[in-house]
Each structure stands twice: as C-alpha cells, then as structure tokens.
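The sequence lines fix the lettering, A, B, ..., with proteins before strands; numbering per chain opens at 1.
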There are 2 protein chains.
Amino acid sequence: MQLKELSERSGVSAASIKYYLREGLLPPGAAVHATRAQYSARHVERLELIQSLRRIVGLTIEQIRGILTMADDGATRLELLAAVQRVVLELDSYTNASGEVGARPADAVVRLRAWPDFPSDARNALNAHLELMESLNIQVPGELLDTYSKAMDDVAGVDIAATTAPDSVDELILTAAVGMHMHSQLLLRLLALAQASHAIRRYEQDA
Amino acid sequence: MQLKELSERSGVSAASIKYYLREGLLPPGAAVHATRAQYSARHVERLELIQSLRRIVGLTIEQIRGILTMADDGATRLELLAAVQRVVLELDSYTNASGEVGARPADAVVRLRAWPDFPSDARNALNAHLELMESLNIQVPGELLDTYSKAMDDVAGVDIAATTAPDSVDELILTAAVGMHMHSQLLLRLLALAQASHAIRRYEQDA
DNA sequence: GCTTTAGGATAGAGCCACTATCCAATGCGT
DNA sequence: ACGCATTGGATAGTGGCTCTATCCTAAAGC
C-alpha cells in the first residue's frame with residue numbers, strides 16, 4: 001500500500017505520517033522508485049502503537065523514539081520493560097539531580113521486602129526522590145516507607161501475576177506501557193478516594 | 001515595597017510578576033497613585049506559593065488561579081483540599097468522558113473499605129477510569145481492586161495521621177499540594193521498584 | 001499526455017509560560 | 001524644579017512541542 005492508503009487505514013493524517021517518518025518513529029517504506037514507496041501491515045501496526053503511546057499513555061515523540069529504537073535494535077524484553085517503565089512512570093525527572101550521597105534509603109527497603117538486589121533506574125529514582133523530599137523538609141519515617149512498600153509489593157505481585165507475555169515486541173511495549181499507565185493511574189485515583197475518605201472522617205471528628 | 005523590591009525579595013522577575021498580575025494570580029498592590037503601588041509581605045508569600053505550585057508540583061497557571069480564587073473567596077478547608085487533590089492527582093483528565101452508566105464499581109470499593117459514602121471528584125474519577133480500562137480491555141478483577149484499595153487505605157491512614165493542620169490558608173494549600181504530589185510520586189517510584197523486582201524474579205524463573 | 005501521488009523541504013499554527021520592549025504618566029531625590 | 005527611575009498597561013516575541021499546510025519536482029498509471 002502507499003502513503004494515502006496507510007493514512008486511511010491507520011486513521012493518521014498523511015502529514016503526520018510524514019512527520020513520524022522524518023522523526024524516525026516509522027521506518028521508511030520499501031522504495032519502489034524514487035517517488036513511490038510500499039508500506040506493509042507492520043507499518044499500520046507501528047502507527048497504531050505510536051498513536052496509543054501518544055494519546056493514551058501521553059509519551060512524547062522523543063520518548064517513543066527511544067523505545068522503538070531499542071526494540072528495533074533487539075533489546076531484551078527485560079531491558080525494554082525497564083525502558084518503558086522509565087518513561088511511563090517518569091523515573092528520569094529528578095534522577096540527574098542526585099550525585100552520590102551517603103544514605104541510600106532504597107537499599108533498606110529492598111532488604112526489608114527481600115527484593116532482588118539489583119541496581120536499577122527505579123531504585124535510583126526512589127533514592128533521588130527521597131532526597132528531594134528530605135530537602136523539602138517532608139518527613140518520611142521508616143514506618144511510612146514500610147507501609148507504602150508493603151502495599152506496592154502486594155500490588156506488583158498482583159500486577160505481574162496478571163500479565164501474560166505477548167508474542168510480538170510491539171505488543172509487549174503496548175501492553176506494558178498502557179498497563180503500567182492505567183494501573184498507576186488507578187492507584188492514584190484510589191489513593192485520592194482513600195485520602196478524601198480519611199479527610200472527611202477527620203474533619204467530621206474535629207467539627 | 002514596590003515592584004522591583006518585590007521581585008528581588010521573591011526571586012521572581014518583574015516581568016513574571018506583571019504576568020501573574022495580568023493573569024490574576026497575584027492581587028494588585030495598594031495603588032498609592034496612578035503609577036505607584038505598594039506590595040506587602042503577603043505578596044511575597046503568595047509569590048512563593050505560586051512558585052512552589054509551578055516548579056515543584058508542576059501545576060499550570062490556570063490550575064493555580066482556580067485554587068487561589070477559591071481560597072480568596074473563602075472556601076472551606078475541605079473544599080480547598082478537594083480542589084488541590086483534583087489538580088495534583090489529575091482527577092479531571094477523563095471525568096468528562098463518562099455519561100451516567102450502570103455499574104459504579106467505586107461504590108463497591110467504598111462499601112468494602114467502609115469509607116464514608118460521599119459523592120466526590122475522586123469517586124467519579126475512579127469510576128471514569130475503571131470504565132476507560134474496561135473499554136481498553138484491561139481486566140480489573142475485584143481481587144485486584146481489593147488489594148489496591150486496601151493498600152491505599154493503609155497509605156492514606158498514615159498520610160492523614162502525619163498531616164498537621166497549618167495556620168494560614170496559603171500554608172494549607174502549599175503543604176497539601178506539595179505533600180500530595182511528593183507522596184504520590186513516592187508511591188509510584190516504590191511501585192516501579194516493586195514491579196522491577198517482581199519482573200526480575202519472574203524472568204529469572206523463566207530463564 | 002494528463003492527472004495523481006510520492007518524497008523533500010519549509011513554513012505556519014496553536015498552546016503554554018514566560019520575557020522583552022515600548023509607552024506615557026508620575027513620583028522621588030537632589 | 002528637574003530629570004531619572006519606576007509604574008501600569010499594552011503588545012509582541014521566544015522556545016519547546018506536535019502537528020498541519022503549502023509548494024515543488026519527478027515519476028507512475030490510466
């Protein structure tokens with residue numbers, strides 16, 4: 001199929017497709033001649049993946065390019081999952097700000113929860129975030145970290161158990177990104193409801 | 001003090017202060033004459049609040065204006081907390097998309113957790129989000145909702161217990177917004193670490 | 001041969017949060 | 001009294017992001 005048909009099938013405007021081609025999100029079609037290219041069903045799928053990552057998960061073009069490049073360069077599934085997690089959960093926001101400091105509270109959490117002791121983005125991000133909170137004078141007592149991490153351990157256990165490994169890499173990215181996004185949002189909404197409920201109880205008590 | 005001094009004290013450029021005045025985030029100073037205005041310490045505080053909400057919490061000008069307007073119009077603390085929660089946890093993202101449907105899964109959660117049965121943004125957002133997940137064919141079994149909500153109940157209990165009610169309304173907004181943001185981020189980072197840990201375990205098993 | 005389309009380049013649009021410039025009116029220090 | 005500094009107000013520009021639109025030439029297909 002050629003550009004116009006690709007546009008019609010995917011529901012993405014021809015101009016946007018050209019944009020994605022320019023930005024390297026979409027591999028070029030097979031050039032039949034200088035002014036004619038053939039696109040395949042894989043292009044349609046790739047476009048749908050891009051759309052989902054943009055519209056549902058809200059990733060930027062840059063982030064999407066990063067993930068797709070990794071996938072096309074044959075990264076392992078675990079690496080890919082880590083990359084998806086990094087952008088979906090915004091683990092890179094503050095990570096850069098931290099230069100090697102003494103206490104690594106995340107290590108304590110890892111030991112407490114008996115999680116495998118692997119260095120990871122998630123761990124660095126957690127440490128960086130705890131440092132940030134400290135610098136803002138927000139107390140994070142061990143008890144709270146305990147409660148939080150226990151809760152997240154439970155949640156992650158359920159999450160992972162519910163995840164079935166998909167066949168294609170595109171599908172892995174899609175389900176992982178959409179799943180992580182949706183589950184984290186779900187968690188935040190439940191947190192909101194829980195907070196609101198506790199706040200109401202408390203203000204009723206005070207009144 | 002006049003504009004220049006206000007700028008120096010708060011660390012916000014004069015141009016930005018003018019912008020905030022135009023946008024109604026900062027009340028105008030007492031007009032001594034047509035071309036001279038006096039600003040008070042309250043202006044400095046207000047500017048610091050605006051800065052924190054922008055730079056730390058990442059709210060938009062529009063969102064900040066909404067909250068400050070409510071505060072200045074004498075909203076109750078509970079109303080203010082709800083408004084802060086709405087913007088900090090992005091409860092309005094999908095809320096509009098839902099028009100009265102049958103099942104209200106959030107009601108079940110509220111009953112299960114014995115939370116006070118109040119209609120709220122948080123509850124609507126939760127229902128809207130669950131509908132969205134359903135429409136994306138992401139299964140949310142009752143068991144998972146149970147685990148999640150139990151976890152969030154624990155977390156909220158600790159949160160609220162740790163919150164001391166501040167004196168000024170500005171301070172309430174600041175601590176609530178920064179606190180909610182930091183705690184929700186903390187939770188997401190712990191979730192990331194937990195997920196990564198479980199994923200590693202699982203891939204090790206498979207390998 | 002004539003319309004349609006591809007690919008490439010370039011420019012514009014619309015949103016956001018500023019940032020900069022220009023202005024006339026006026027206050028303040030000297 | 002005079003001139004510099006500052007004010008409020010208006011208006012325009014910046015830079016990042018994701019498109020969207022226009023223009024062009026070369027070539028394909030009927």
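Heavy atoms of B:Arg22 sit under 4.0 angstrom from at least one base atom. Here A:Glu62 lies out of heavy-atom contact (under 4.0 Å) with every strand. Across all strands shown, B:Lys4 has heavy atoms under 4.0 Å from sugar-phosphate atoms exclusively, and none from any base. Across all strands, B:Ala37 comes closer than 4.0 Å only to sugar-phosphate atoms, never to a base (heavy-atom distances).
Under 4.0 angstrom from either OP1 or OP2 of D:dT20 there lies at least one side-chain N or O belonging to A:Ser16. Checking the phosphate oxygens (OP1, OP2) of C:dT19, a side-chain nitrogen or oxygen of B:Ser13 falls inside 4.0 Å. Close to D:dT7, at under 4.0 Å from its OP1 or OP2, lies no side-chain N or O of B:Tyr39. Within the structure, a side-chain polar atom (N or O) of A:His33 is placed less than 4.0 Å from OP1 or OP2 of D:dA28. Between B:Tyr20 and the phosphate of C:dC18, there is a side-chain N or O to OP1/OP2 separation shorter than 4.0 Å.
Here the closest heavy-atom approach between residue B:Leu130 and residue B:Val140 is recorded as CD2-CG1, 4.0 Å.
The listed nucleotides are D:dT20, C:dC18, D:dT7; the one nearest the side chain of B:Arg54 is C:dC18. With distances taken from any side-chain atom of B:Arg36 to the nucleotides C:dA17, D:dA5, C:dG7, the minimum falls on D:dA5.
Using a 3.5 Å distance cut-off with no hydrogens or angles, the side chains of A:Gln195 and B:Gln85 do pair a donor with an acceptor.
Atom pair A:Glu23:CD and C:dA9:C1' shows a separation of 14 Å (rounding to whole Å applied). Here the C1' atom of nucleotide C:dA17 and the CG atom of B:Leu59 are 14 Å apart, to the nearest Å.
A:Asp107 and A:Arg123 are joined by a salt bridge, as a carboxylate oxygen and a charged side-chain nitrogen come within less than 4.0 angstrom of each other.
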